[in-house]
Each structure stands twice: as C-alpha cells, then as structure tokens.
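Both backbone and side-chain heavy atoms feed into the values below; hydrogens, waters and symmetry mates do not.
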Amino acid sequence: VSGENGGRPLPSPGTPPDEGALTGVLADYLAGLLDDTPEGDAVTERIAAEPAWADAYAELRAADAAVRADLDRYLTGDDALAEQTIPDDVAARLDSALAAAAGTAPDTATGDAAVDTAAVDVAVDTAAVVPLDSARRGGRSGRRRPPRWVTGGGAIAAGVVVLAAAALGAGSLLSSQDSPSADSAAPAGRAEQPAASPRTDQGDDRGPTLSTSATDYSAETVGGVALEDVAPRGPKPVPGAADANEYGRVPDPRQVSPELRRLASSADLNSCLDAIGGTTISAEYASFDGNPALIVVVADDAAEPSRPTRVVVVGPDCGLSGTDEVYSEDVPR
Amino acid sequence: VTKQGTDRRGPADESADHPADDAALLRAHVDGDGEAFGFLVRRHRDRLWAVALRTLGDREEAADALQDALVSALRAAKGFRGDSAVTTWLHRIVVNACLDRIRRRQVRPTVPLPDEGPGEPAAPGDPMAERETALMVREALATLPAEQRAALVLTEMQGHSVAEVAVMLGVAEGTVKSRCARARARLALALGHLRPLPGEPGQEGNQGSGARVRPENAAEHERHHSRRREQQ
C-alpha cells in the first residue's frame, strides 16, 4: 500500500527527518497509507520520541491543509476554468487529424479551413509512427536522412512499426488489463488496425522501434519486451526523433544513460545490431539487473521479419568485438 | 443524440439511432460509422484537454499529446473490450501520451500562460491574489515528478475517483493515494507552506545538518521559497 519509495528506510533514530522523509514516508503516513503497518508504527514511535519528527509531522499536516486550500482557490479561479475548455484552434486541429485518420474528409462542421492539409498529414504520421512534431513546427525533418541501419538491414514491413507505435497509450490499457491473455487479445486488435498509409518513399518510418526507458529489467521480466512488440503495449515511440538529430531516429544521446551513449550513434548501433544478427524489431535503451543495457528484440526468421524470436540484452560494448551479451532468451512461438 | 451532436444534421444524424452512451458510440465507430468517434471525442475533449494541459504544462505539447492520443484511440478502438468505462480508457490513453512525452523529452513542464492577457476583467474577490495563487500553483505543479502530477491532476483537479485513476495510470489504488499525498507534500515545499528543512543553508532551524536528501528540483524549491519569503 505504501508508496513507490516505500522501501526507503527511515533515517536512523536520532536523525531528524529530511526532505525525502517529508515528501515520502511522512506524506504517506499523513494520508493514512501506513496505518496498521510496521512502517507506520515505526513512524508513530519516531513522532512520539523525537521532537524533530513531531514538529515535521505537525508542519506537514498544516501545510497539507494549506496546499489543499491553494488548490481549491486555484481551481475556482478564472484561469483554471479557462483551462477546462479546449481552445478552438486545438479542437479544430484535433477534428481534422481525427477525420484524416478515419479516412474521411475533414469535418466542415467544426473543422477550421485554416488548418492546412500538410499539417494534418504530419499530425497523423506523428500519432501513427514516431514523434515527428518537429516537422509540423518547421523542424529539420525534411533533411533527415534514414540512417544506414534502417535501410541496410532486413526489410521490415512498414506496417509493423506503424502498428507498434499506433498503440501509443492505447495498447497499454489493452494488455495490462488483460495481462494473462494479452497475447490472445491484443494482437487481434492490432491485426485489424489499418496501417496508416506506409510512406515507402521515406526511410523514417521503417526499421526498428527505438526507445529509451528507465525500466530495469531482469531475466524474469525482459521476455515481456517481445510481447510488447507483438502486442502493442507500452507507448514506445522513438525518443529524441522530435529533434531530428543527425542520427535520424537514434535517440538523442542526452536521453540515454552515459554508459550507453556510444550506442546512440547510428554507426555504433549498426555494428551492435549486426553483431546480434537477425532482423531488429526493437531496441530499448534501459537497464538490466541494475546495469545500463540495450534490450533488443530480434526476428531470426527472414520469412517472418515481424515475429520476434529472441530477446537479447547487451551491454555498452556491444559491437566493439561481439555483442557484449548479458542475457538472451528465445521467444516462444 | 448527444448534446454535442444536436448541431449536426443530415446523413450524420443517423447517429440518432445510436444509443447515446459512450460504449455504443465506440462500437458504432468500430462498425464503420465515420461520425461516431467524433461525437465521442467532442463529448469528452474538454476534460481530456484539461488533463493534458495540466499534466504537460505546455499548450503546444498538450495539443500534440491530445491529438496523438486520440488518433491512437481511434485506431485502437477495436481492441477496447469494455473492461473499463470508455472515458477511463480515453483518459488513460491521453495520460500515457503525456507521460510518455515527458519521459521521452525529459523536459520539465513549463508554466502555461493563461489564454487571456493580464488586462482581462478580474474575478470578484481578490483578483490579484487569485492570479498570484494560480501562477504559483502552476509553477509548483511543474516541479512535481510527472507521475505524481498526473495523479494529482486526475484526482484532485479533475475529480476522478482514486479507483478510476488507478485504472487510468495502470497502478494500484494505494499508489495513486501515495502519489497524491507526496505530490501535496512537494507542493507544500514549492509553495512555501513548509519550512525548509534542517541542513538547508541559511535557514532557521537548530537541529544541525541531518542527512538531507536533495530532490532533483531542490533548486526550484529554493527559488519558490525565496519568492514566497520576499512576498511576506
């Protein structure tokens, strides 16, 4: 029941509460989340025994009431009320994007004629594939060249990537609610999804799905990555692509942990993926057992380049001399 | 026909035959009714917009996230199996799109400016204080970790139940409550309702230097503390 940092131990006896305790365990305690738990009992003891804890708790209690009052005051203000209504231009853009996505003409009843179709096209692509919104803002995506590994590797049906990313958010509900049966439920929905007009003339939409995450995988959990690639689950769009850096869809190195930064260059990533072999379906810059790692989902059957067969976890030296493999497992058919 | 739909006539009005509830509209969309999803969105977009705006704290980002999310929802509608309310599903998609944007960009939310300018007619009561509160609350919200902010926005600002929000965020109810409680504690610091803790340079307090865990945004906190102090 306790919060996500619930495992953080209390500061040792005699130590006054620090800010982490204030915004962590004491906040949980105040909210009643630690009632009838050993951790809650420990906090009760500290408050009873140590004035610093008693003061901090009393102050937090008063401050919590003040925060609630501020929030109420804010929410009843004009600014907050204005936030509750979608602005006309946003609504018009939304209507147009939805109409385009549905394959219907823009909704003239509510659409805004000023929304140019180019913007709509890009908007649809943004949703379907990767964050390309820099394009809409006049970004440099027009000059973006597909990195070698996109065009060089095995051809991947553009639809695969489109579908995987089309689930942005949506898929996560499907699978986490159906977790035991995600493999039966989600792919069905996915198979039906219309592939949003694969733009075969642009390499940007092809190739592996690259993502960064703060996830720390283990041997027990990493297999789920392949499931995600089959059943579009978590939102896993390409990070950094919005900035259209020189590497195209490789994440912005600043978004990758320092240890993995080398692999955020397309040349080094290429070497790494080549060393792993097969057709890369996805690569996630994450960690494994606490260490930075690239989680790669591979299709080894050239006849089915979209069916994951292996999940390979590699370390930062992948591609230097071999794969620097940390772990791998086969994906059951 | 929904309220939002009454201004539409002509062939689209066959939606009068749809039961008006969300699930029926979504089914109609899946069955090929080209208008149904639009009705559904128009029914909920104001609330979804508010969620996106408050979670991202940036108008353009919010507009992009909302659009991405709803286009995704349109495409993924076939997979919706009615395990939750349609609105919960839509909120979840929108919140995920927002959180994903934040994680992907690793940007701090900016402080959204109200649409109207400062010269607008003021609210009754104490308009200056109200404006000031609004600005400070926005700035304080921006200092929260994204997950805490989303939980707080959905529950305390948008009025959803903890159970609903747990589904929207894909976490346990206790986690939602904890995120909200911790968010309020952080807001209390950012808004200057909490005295800076022992160990903070230049602060009152006599407990010496406890092992202080500095939050990532301690600098932000500092800024706010000093601001609030200046005002007092």
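- When each of B:Cys180, B:Ala181, B:Ala134 is checked for heavy-atom pairs under 4.5 Å with chain A, B:Ala134 comes out on top.
- When each of B:Glu173, B:Met168, B:Gln158 is scored by its heavy-atom pairs under 4.5 Å with chain A, the top score falls to B:Gln158.
- With a 4.5 Å cut-off on non-hydrogen atoms, B:Leu66 touches chain A through its backbone and its side chain both.
- Interface residue A:Leu75: only side-chain heavy atoms are found under 4.5 Å from chain B.
- The list of ring pair (Phe, Tyr, Trp, His ring centres under 6.0 Å) pairs with a residue in residues 46-76 of chain B, not counting sequence neighbours, is empty.
- Partners of B:Glu156 according to the salt bridge (charged side-chain N to carboxylate O under 4.0 Å, His left out) rule, which considers only residues two or more places apart in sequence or in another chain, are B:Arg184.
- Between chain A and the options B:Val137, B:Leu70, B:Asp46, heavy-atom pairs under 4.5 Å are most frequent for B:Asp46.
- Using bins of under 30°, 30° to 60° and over 60° for the plane-to-plane angle, the ring pair B:Phe80/B:Trp89 lands in the tilted bin.
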Apply side-chain contact (heavy atoms from CB on, under 4.5 Å) to residues B:Arg45 and A:Asp95 and explain how you reach the verdict. CA-CA 11 Å; B:Arg45 64 187 179 185; A:Asp95 280 341; 3.5 Å; yes
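- For A:Asp36, the CG atom is loosely surrounded, since the number of other residues' heavy atoms within 6.0 Å does not exceed 12.
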